[in-house]
Amino acid sequence: MTEYSQTAVIVVADMAGSASRNDMGKRHARKEMYAWLERTLGPEWSRCAREDRGDGVLMLWPLSVPDPVPPKIIVSRFLRLPETAPAGPERPRLRVAVHIGQTFRDDHGFAGASIDETFRLNEAGTLKASLAEARGPVAYLLSEDVHKAVVRYGYEDFDPSSFHPTVVKVKESTLEAWLHLPAEDELAARLAAQGTATADNPAGEPGQTNGVHLSIGGNAQISGTSISGRDLYL
């Protein structure tokens, strides 16, 4: 990729529970993660630009190069991760966020609002909760743009009913996305709905806290179960 802006498919894969591992455990998990991604992506692994992120990896497939990898192929490959997952109780488990957008690369690496948004998707509480509750080793969030280009487009490879709409709010970003948990549609539907509700009414924001709030002016009278007077706000 060059310094000028290009459209790319952007994927962030991040391991859950990395902080609980000691250094030797982290090294083993990283080795397992990279081997897992490489065998799952096949030839597409060598065609992506990538940056190591410690307990995760940023991957990009530019769409403006000759013979680009279609988004459909990239998403299909990533959805195969559960089939190729390593075995054992210490196996890595991945949160995977997929987006399409403008990116650029300078001397320090990749940047752009679309990359920021992909990381926000990966950091979303909905995705973290989904992987924590899921039986499988992978939880996915697809951006609205990816869902429209790949799932909603109508390719037979994808079952639209297994992708559940949600809204995520991370830092200053509020993003529409689609949650996918392989073979766990009921769980995905419930957590996606909870994520939307949380984004619409985030706890702790002024005017958005739960419960009943009563403001009473100085001339209010309380008698038994009745409250009367001016300047009452419920």
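Remember, it's a predicted structure, so these values are computed and weren't measured experimentally.
For Y34, there are no ring-ring contact (aromatic ring centres under 6.0 Å, His included) partners at least two apart in sequence or on another chain. In this structure R77 satisfies the side chain to side chain donor-acceptor pair (under 3.5 Å) test together with E44, sequence neighbours excluded. With sequence neighbours excluded, the residues satisfying side chain to side chain donor-acceptor pair (under 3.5 Å) with R30 are D52. The side chain to side chain donor-acceptor pair (under 3.5 Å) search around H164 returns none, not counting sequence neighbours. For the side chain to side chain contact (heavy atoms under 4.5 Å, CB included) test, residues two or more places apart in sequence or in another chain that qualify with E144 are R152, E176, W178. Looking at residues two or more places apart in sequence or on another chain, you find a side chain to side chain contact (heavy atoms under 4.5 Å, CB included) between D157 and K72, S76, Y155. With sequence neighbours left out, the salt bridge (charged side-chain N to carboxylate O under 4.0 Å, His left out) criterion links E51 to R53.
A ring-ring contact (aromatic ring centres under 6.0 Å, His included) check over residues 120-142, counting only residues at least two apart or in different chains, returns the pairs Y140-H180. Sorted by first and then second residue, the salt bridge (charged side-chain N to carboxylate O under 4.0 Å, His left out) pairs with a member in residues 121-139 read E133-R190, R135-E184; sequence neighbours excluded.
Side-chain contacts under 4.5 Å among hydrophobic residues (ILVMFWY), followed directly or transitively, place L187 together with L121, L127, L141, V168, L175, L179, L181, L191. In this structure, V170 stands alone, with no Ile, Leu, Val, Met, Phe, Trp or Tyr side-chain heavy atom under 4.5 Å from its own, directly or through other members. The hydrophobic cluster of V65 has no other members, since no ILVMFWY side-chain heavy atom comes under 4.5 Å of it.
Dense packing is recorded around CZ of R39, with more than 12 heavy atoms of other residues, nucleotides or ligands lying under 6.0 Å away.
Side-chain contact check for P71 versus I74: every heavy-atom pair is 4.5 Å or farther apart. E32 has its side chain out of reach of R91: every pair of non-hydrogen atoms, C-beta onward, lies at least 4.5 Å apart.
Considering I115, T118, L58 as possible partners of T103, the one that fulfils the side chain to side chain contact (heavy atoms under 4.5 Å, CB included) test is I115.
Neither side chain, D145 nor S143, offers a donor N or O lying under 3.5 Å from an acceptor on the other.
To the nearest 0.5 Å, atom CD1 of residue I73 and atom CZ of residue R47 are 10.0 Å apart. L94 contributes atom CG, which lies 10.5 Å from atom CG of D55 (distance to the nearest 0.5 angstrom). One finds the CH2 atom of W36 at 11.5 Å from the CG atom of L41 (value rounded to the nearest 0.5 Å).
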